[in-house]
Amino acid sequence: MPYDVQKTEEQWRSELSPAEYAVLRQAGTEPPFSGEYNETSAPGVYCCRACGAELFRSDTKFASHCGWPSFYDPKDSDAVELIEDRSHGMVRTEVRCARCGSHLGHVFEGEGYPTPTDQRYCINSVSLRLAPDGD
Ligand SMILES: [Zn+2]
C-alpha cells in the first residue's frame, strides 16, 4: 500500500539524524530508558518525527516503566498501521506511521496494565515529537 508521504532513502537519510533514521527507517530500537519522552508527562500531541502526522495524545500515555514511552491507544485508529513482525524469533505487532510508513515501535496487549484497552503501544522517543496541544 503506498503511503501519502513517500521519499527516497536518500531523502530520509538527509532529513533525519542517524539515530532517527536507524529507528524510523530501519526499524531499530532505541536503548531502554534513554529516550527523551520515556518519563514525560507534559500535555500535548505526539507527532511522527518523520512526517509530522499526529499519532498519540499525552492523555493516553501511561507509566509502564518498561523503558520506552507507552500509550494505551493511538490518537485515531487510522493514524497508525499495525503489521505482523516475525523478526528476532518472536511474533510481535509492529506499529508504523500510517502516513509515511516509518517504524514507531510495537504494540503488546493483555499484560494487565490498568488502562482502558489493556494495550501497550511501546514507542521509541526518537520516532516522536511532542507538540503543545492545539485543540
Ligand atoms: Zn510519519
Side-chain angles (χ1 to χ4, degrees):
M1 187 187 78
Y3 296 103
D4 288 349
V5 174
Q6 295 196 59
K7 298 182 184 183
T8 66
E9 289 311 308
E10 273 173 26
Q11 284 176 297
W12 286 124
R13 212 181 273 274
S14 68
E15 290 176 15
L16 301 170
S17 74
E20 290 165 354
Y21 184 84
V23 172
L24 286 159
R25 305 305 310 173
Q26 298 181 306
T29 300
E30 69 192 10
F33 304 102
S34 72
E36 64 180 295
Y37 300 130
N38 180 34
E39 300 287 345
T40 303
S41 57
V45 178
Y46 287 88
C47 301
C48 174
R49 198 175 289 198
C51 77
E54 297 187 352
L55 301 173
F56 297 96
R57 300 187 59 86
S58 57
D59 53 12
T60 66
K61 191 173 188 291
F62 67 101
S64 68
H65 307 293
C66 72
W68 294 275
S70 299
F71 305 85
Y72 62 75
D73 206 24
K75 180 174 181 291
D76 299 302
S77 56
D78 56 359
V80 297
E81 180 182 29
L82 304 179
I83 295 172
E84 186 178 82
D85 174 9
R86 291 182 170 270
S87 65
H88 303 292
M90 296 175 275
V91 180
R92 296 179 294 171
T93 303
E94 181 188 359
V95 184
R96 290 188 192 172
C97 172
R99 190 162 156 218
C100 72
S102 291
H103 175 81
L104 305 172
H106 290 87
V107 59
F108 304 90
E109 59 187 5
E111 298 176 310
Y113 286 104
T115 60
T117 63
D118 201 10
Q119 290 183 317
R120 175 170 61 93
Y121 284 80
C122 181
I123 306 298
N124 292 281
S125 293
V126 81
S127 297
L128 301 172
R129 178 99 59 205
L130 177 59
D133 205 335
D135 296 354

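Remember, it's 1-based here, ligands and their atoms both numbered in the order they're listed.
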Applying ring-ring contact (aromatic ring centres under 6.0 Å, His included) to Y113 and not counting sequence neighbours gives F62
Checking Y121 now: which residues fulfil ring-ring contact (aromatic ring centres under 6.0 Å, His included) with it, not counting sequence neighbours? F56
Report the protein N/O/S neighbours of the Zn ion (ligand 1) that fall below 2.8 Å; do not count waters. C48 SG, C51 SG, C97 SG, C100 SG
Work out which heavy atom in N38 is nearest to a heavy atom in W68; give both atom names and the distance. OD1-N, 3.3 Å
Is E10 atom CD crowded by more than 12 heavy atoms from other residues, nucleotides or ligands, each under 6.0 Å away?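 No.
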Between side-chain atoms of residues 99-108 and protein atoms elsewhere (two or more places apart, or another chain), which donor-acceptor pairs fall under 3.5 Å?
from, atom 1, to, atom 2, distance (Å)
S102, OG, R25, NH1, 2.9
H103, ND1, E94, OE2, 2.8
H106, NE2, D85, OD2, 2.7

Do the charged groups of R49 and E30 touch, with an N to O distance under 4.0 Å? no
